[in-house]
Protein chains: 2
Amino acid sequence: MKLSAKVEYGVRAMAVLSIYYQEGPLPLREIAEQEKISLKFLEQIFPDLRRADLIQSVRGSRGGYILSRPPAEINVGDIVRAVEGPITPVDCLSEVDSESCCHRKDDCLTRQVWEKLRDRINDVLDEVSLDELVEVKPAETLT
Amino acid sequence: MKLSAKVEYGVRAMAVLSIYYQEGPLPLREIAEQEKISLKFLEQIFPDLRRADLIQSVRGSRGGYILSRPPAEINVGDIVRAVEGPITPVDCLSEVDSESCCHRKDDCLTRQVWEKLRDRINDVLDEVSLDELVEVKPAETLT
DNA sequence: TTAATTCCGACTAAACAACTCGGGTATTGC
DNA sequence: GCAATACCCGAGTTGTTTAGTCGGAATTAA
């Protein structure tokens with residue numbers, strides 16, 4: 001029940017982009033330095049984010065990346081799914097593998113739980129938008 | 001974001017044990033056959049379930065396994081955690097690795113989401129008990 | 001005693017994860 | 001023109017995890 005490093009980095013990177021939203025494109029190198037992530041590894045992640053239309057790229061000198069929409073309109077679920085593909089807690093939930101799930105003649109006993117789990121995971125991730133990640137939390141302001 | 005085959009098999013096996021609850025110990029061989037799971041692989045899973053006190057074993061001929069408590073008092077979360085250990089969507093949520101999470105001086109931006117995710121996953125899994133898995137679903141009865 | 005079982009620990013083959021490396025091309029600001 | 005950048009691509013590496021397999025010892029009912 002783990003997310004990949006790619007997803008973790010992807011979300012961190014997107015959080016940084018949120019902070020610099022409205023300041024023009026931010027180069028990958030900047031993000032890599034701030035978040036101590038290998039530049040080359042980030043280069044592997046960003047195409048996924050772009051294909052999902054979460055970011056836009058600006059080529060050439062002074063180029064970089066910028067969010068496609070305001071941080072409030074991008075949520076963590078978008079990022080996770082862009083980088084890791086659809087959430088499938090067990091293989092038999094993907095359409096491809098529907099047959100391998102149930103050996104019993106009657107309906108698979110466990111399928112319902114996994115579907116519920118999948119839906120709830122998507123729900124939680126979709127509840128949190130990038131601006132919520134970035135905004136200063138009340139608790140911290142007080143301490 | 002996947003569960004292991006161990007967990008999947010573990011839950012399936014526990015569902016079978018639920019059905020045969022009150023009929024004395026059920027040997028692993030039976031479960032293996034019913035669920036088309038390698039006996040030897042099941043043998044690796046069951047010690048985990050026993051250590052978590054979800055099942056009790058009866059050794060020797062005519063032995064087998066039996067649930068420690070009625071199916072209604074065992075939920076899927078118990079099984080998942082018994083087999084896979086605690087749910088940790090990202091490594092930095094485990095106590096061991098707390099340092100490697102945040103490179104930034106300020107608090108880790110993303111930690112909160114992952115904590116929320118972890119809690120919700122546990123919630124869903126804890127909502128479903130074995131007897132719910134096993135009982136005939138209304139929808140099916142009608143069709 | 002024998003057969004059925006749990007129990008234990010080692011082993012393995014394949015897949016996957018998390019990178020690293022190296023190079024090239026296209027685009028753009030200065 | 002030059003430097004900085006995105007973009008593309010594939011290859012290699014290293015270590016871990018997964019999903020098993022295998023062989024045998026301990027226990028027990030019959």
Side-chain angles (χ1 to χ4, degrees), chain A residues 1-13 17 20 24-33 35-52 54-68 80 83-85 88-92 97 100, chain B residues 1-13 17 20 24-33 35-52 54-68 80 83-85 88-92 94 96-97 100:
Chain A
M1 229 28 200
K2 286 232 193 307
L3 293 164
S4 64
K6 270 188 168 181
V7 160
E8 219 186 311
Y9 295 164
V11 174
R12 298 231 308 264
L17 281 182
Y20 290 89
L26 191 67
L28 266 195
R29 184 185 34 75
E30 278 286 336
I31 303 176
E33 281 169 14
E35 292 293 325
K36 309 266 190 286
I37 300 170
S38 142
L39 177 62
K40 274 297 193 180
F41 198 33
L42 268 187
E43 274 183 3
Q44 287 185 336
I45 299 170
F46 269 60
D48 294 328
L49 299 171
R50 202 174 63 109
R51 261 175 251 125
L54 303 178
I55 54 176
Q56 281 175 350
S57 60
V58 179
R59 305 184 64 166
S61 181
R62 288 287 200 152
Y65 291 93
I66 189 169
L67 297 183
S68 296
V80 174
V83 175
E84 274 207 333
T88 51
V90 301
D91 285 336
C92 71
D97 205 7
S100 77
Chain B
M1 230 31 200
K2 285 233 194 304
L3 292 164
S4 63
K6 270 189 168 182
V7 160
E8 219 185 311
Y9 296 164
V11 175
R12 298 229 308 263
L17 280 182
Y20 291 89
L26 190 68
L28 267 195
R29 186 185 34 76
E30 278 287 335
I31 303 175
E33 281 169 13
E35 292 294 325
K36 309 265 190 285
I37 300 171
S38 143
L39 175 62
K40 276 299 192 180
F41 197 32
L42 269 187
E43 276 184 1
Q44 284 190 335
I45 300 170
F46 270 60
D48 294 329
L49 298 171
R50 202 174 63 107
R51 260 175 252 124
L54 302 178
I55 54 177
Q56 281 174 352
S57 60
V58 180
R59 303 185 65 170
S61 180
R62 288 286 200 150
Y65 292 93
I66 189 169
L67 296 184
S68 296
V80 174
V83 175
E84 273 207 335
T88 51
V90 302
D91 285 336
C92 71
S94 57
V96 195
D97 206 7
S100 77

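Chain letters run A, B, ... following the sequence lines, proteins first and then strands; every chain starts at 1.
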Quick check: closest heavy atoms across A:Ile66 and A:Pro25, and the distance to 0.1 Å?
CB-CA, 4.5 Å
Take A:Val58 and A:Ser4, find for each the nucleotide of DNA chain C with the closest heavy atom, and name the residue whose nucleotide sits nearer the 5' end.
A:Ser4
For A:Ala5 and for B:Ser61, find the nucleotide of DNA chain C with the closest heavy atom, then tell me which residue's nucleotide is more 5'.
B:Ser61
Closest non-hydrogen contact found for B:Leu26 with B:Tyr20 is CD2-CD1, 3.7 Å
For A:Lys6 and C:dT20, give me the distance from atom NZ to atom P, rounded to whole Å.
13 Å
Under 3.5 Å, which donor-acceptor pairs do the side chains of residues 41-49 of chain A form with other protein atoms, sequence neighbours left out?
residue : atom : partner : partner atom : Å
A:Asp48 : OD1  : A:Arg51 : NH1          : 2.8

How many angstroms lie between CE in B:Met1 and CE in A:Met1, if you round to the nearest 0.5 Å?
4.5 Å
Give the rounded distance in Å between these two atoms: OH of B:Tyr65 and C1' of C:dT5.
9 Å
Rounded to whole Å, the CZ-P distance (A:Arg59 to C:dC30) equals 18 Å
Within residues 40-51 of chain A, find the residues that approach DNA chain C with a heavy atom at under 4.0 Å, and present them sorted by residue number.
A:Lys40, A:Phe41, A:Gln44
Could you check whether any side-chain N or O of A:Glu84 sits under 3.5 Å from a backbone N or O of A:Ser4, counting only pairs where one atom can act as donor and the other as acceptor?
yes
Give the minimum heavy-atom separation between B:Leu39 and B:Arg29, together with the two atoms involved.
CD1-N, 3.8 Å
Would a distance-only check, ignoring hydrogens and angles, find a side-chain to backbone donor-acceptor pair under 3.5 Å from A:Ser38 to A:Lys40?
yes
CG-CD distance between A:Leu17 and A:Glu30, expressed to the nearest 0.5 angstrom
11.0 Å
Is there a side-chain contact between B:Ser57 and the phosphate of C:dT5, meaning an N or O under 4.0 Å from OP1 or OP2?
no
So, A:Arg12 side chain and A:Glu35 main chain: donor-acceptor pair closer than 3.5 Å or not?
yes
Short side-chain N/O contact from A:Tyr9 to OP1 or OP2 of C:dA17, under 4.0 Å:
no
Roughly, in whole Å, what's the span from CG in B:Asp91 to P in C:dC19?
11 Å
To the nearest angstrom, how far is A:Leu39 atom CG from C:dG22 atom P?
14 Å
Rounded to the nearest angstrom, tell me the gap between atom CD in B:Gln56 and atom P in C:dC7.
11 Å
Please report, rounded to the nearest Å, how far the C1' atom of C:dT6 is from the CZ atom of B:Arg62.
16 Å
First and last nucleotide of DNA chain D touching chain B, 5' to 3', heavy-atom cut-off 4.0 Å?
D:dA19 to D:dA29
